[in-house]
There are 2 protein chains.
Amino acid sequence: MLSERQLLILEAIIDDYIRFAEPVGSRSVSKRRDVKFSPATIRNDMADLEELGFLEKPHSSAGRIPSQKAYRYYVDHLLAPKDVGLSRHEIADIDQLFTKKFNELEKVIQHSANILSDLTRYTSIVLGPAVFSSSLQQIQLVPISPDTAVAIIVTDTGHVEKQTVSIPEVIQTTELEKFVKILNDRLRHVPLIQLQEKINTEVRYVLREYLDHYEEMIGMLNETINPELHEQIYYSGKTNILAQPEFRDVDRIREMMNMFEEESLIYRLFRSQNHGMTIRIGEENDLEPFDQCTIITASYSIDGKHMGTVGILGPTRMEYRRVIGILDYISKDLSKLLTNLYQRKNEW
Amino acid sequence: MLSERQLLILEAIIDDYIRFAEPVGSRSVSKRRDVKFSPATIRNDMADLEELGFLEKPHSSAGRIPSQKAYRYYVDHLLAPKDVGLSRHEIADIDQLFTKKFNELEKVIQHSANILSDLTRYTSIVLGPAVFSSSLQQIQLVPISPDTAVAIIVTDTGHVEKQTVSIPEVIQTTELEKFVKILNDRLRHVPLIQLQEKINTEVRYVLREYLDHYEEMIGMLNETINPELHEQIYYSGKTNILAQPEFRDVDRIREMMNMFEEESLIYRLFRSQNHGMTIRIGEENDLEPFDQCTIITASYSIDGKHMGTVGILGPTRMEYRRVIGILDYISKDLSKLLTNLYQRKNEW
DNA sequence: GTTAGCACTCGTGTGTTTCGAGTGCTAAAT
DNA sequence: ATTTAGCACTCGAAACACACGAGTGCTAAC
């Protein structure tokens, strides 16, 4: 439906606008190497493209800027997946994830986020490894006063969750120790996501046999297992986006920065992405403060199992090609790294 | 050295500027109830005050604005500590810290930060309870793979630190258990700040007697005890400051937001404050992005022992009276709350 | 010592003009 | 039947002029 020439012009305009953030005129398109038509011809096509909703005019005597529809078309049809072209330098930057030795999962993730924002100069958002896809390694109850204790859950990925709980006074220390022992015997290697259910069925019956105050203990336990538990969000380069000319408006900035703090919304946004790579342009994000932004996410995995999401937030006028390349590379790198880090565990 | 009338005028100008963020002219000062002089008289005094460095002119035909020196004088001499005047409503807001039941120390702190920023409409920064003033309650080593384990330190305040460590392969599981037992016997109730030293002297000799590979274990332990460990920083209302008219400049905002991420700098800034209440105006903060800001901090304590710092970051044109009142009240409230929360522990 | 009076300053707001990049249309060229 | 040259037209941005008025500093009178 779009002619060869129209495609060429559309791409030229998008490329130009991505680079300079200025409306693009027919003359400057015609000056490009690969364009062999006069400004007048280009103007005709531009008028058509505008009618089709791909281009917009800020005002009648300015050039055209791409619409959201244009960006969507661009990433869907115009971006050849082959020519991603990361420089040697960039690849080296990413690969240092491997060379630096982190044995804290969190640090690996944070470092990935840092690399991402440094490389792209946009804001990076990374969803940490899914807590619920890991399983219980050990559960601990450390008393810190006569009536309180810290409950600690360690997962097989080395993640630690803690929760202060109050201990019903009827319970004796010896009972408590028995309780923890039973829990560990019964619940080790149980995926966290099944923990709650398992406790309230299977474990309940076992406890009943051995302990007097098992109901109180179950109650305490249910306090501990937080069903709203979710992956941590890592940011880097929150202020990078402020350097973009389209975000020079303080009120808009304020809204966006507020949104960063609304972790539950960001979390939902990232969780809803399909695995693989997702590109959301402008209003496709369904969050009003980001309606001039594009968010690209890629998922990373351990042993092929989806674990988390790395993402970039930038203006709709984003360097798609580059960002896609970087995200693709880093998500694969991260998957490899994490798989290495935890494969021994699985063989164990 | 300043006449009665000059003081009155200075205070009037500061009050007015704090309210409206606009240069104050002689006419508007003369219109105040408590001022009974003509604009001309006031102009003379204003000229004197300017010469003394208390007032500045944005340009020759504008009114005057207070200098940093003026704010300093204001808080030092003009602010009567008595007339703090929190409204009943505000006191209720703060006191809900007591009524809501948090048994997580972190949540209490975060909630305090939220109250602070809500009440003041500035940005609140709170330094969490000093980890180093708490002592070891229990140390744990949870293996998560053949050669790695998670070391977990629980303090008497319920704080949990974790660190993934690699286990030297020469070490057996039984040895490891003995190791942890010795550590707990020897180190319980030792203040974290003495931990490292104690391990490398006293504990070392004990370990030598009971364990073959004690040197490897000590090495592993030293990996765990992070000497750079420090209090967490809690923010709330990071974007409140953007609503102030003096921070409508994107580049300034960017610098400030970047500074928020530089936790080590913020940490140092807050650590360097004396106990009690400290007010740093403009360049007194020694951080260039905050040279138009005032930071007021107050420390909170448990049983009189300094624990952390609550603070407010706002423009130099800050509502000093109000903020001081709120900070004073909340820091005392927080101290009471935390003392209650942990006093039983001490009697234990 | 205080104030009224007045000339002066200077930023802000407004209206005018100019400039030029860019457009759309028409007619000529290919 | 396209494509292009030519041209009138649009409209924002920048430059300029001008008036306004809030505010000042100085001087002289109270």
Round to the nearest Å and state the distance from [X] atom [atom1] to [N] atom [atom2].
| X | N | atom1 | atom2 | result |
| --- | --- | --- | --- | --- |
| A/K36 | D/dT2 | NZ | C1' | 18 Å |
| A/K31 | D/dT4 | NZ | P | 17 Å |
| A/D45 | D/dT2 | CG | C1' | 11 Å |
| B/I42 | C/dA4 | CD1 | P | 11 Å |
| A/E4 | D/dT3 | CD | C1' | 17 Å |

Just jot down the salt bridge (charged side-chain N to carboxylate O under 4.0 Å, His left out) partners of A/K332, sequence neighbours excluded, or say none. A/D328

Kindly say whether [Y] contributes a backbone atom to a donor-acceptor pair with the side chain of [X] at under 3.5 angstrom?
| X | Y | result |
| --- | --- | --- |
| B/T120 | B/L116 | yes |
| A/R252 | A/F247 | no |
| A/Q292 | A/E246 | no |

Any chance you could list the contact pattern along nucleotides 7-26 of chain D? Use B for base contacts, S for sugar-phosphate-only contacts and - for none, protein heavy atoms under 4.0 Å, 5' to 3'. ---BBS---------BSBB-

For B/Y74 and B/E11, which heavy atoms make the closest approach, and how far apart are they? CE1-CG, 4.2 Å

Does OP1 or OP2 of C/dG1 have a side-chain N or O of B/R5 closer than 4.0 Å? no

B/R248 and A/D251 ion-paired at < 4.0 Å: yes

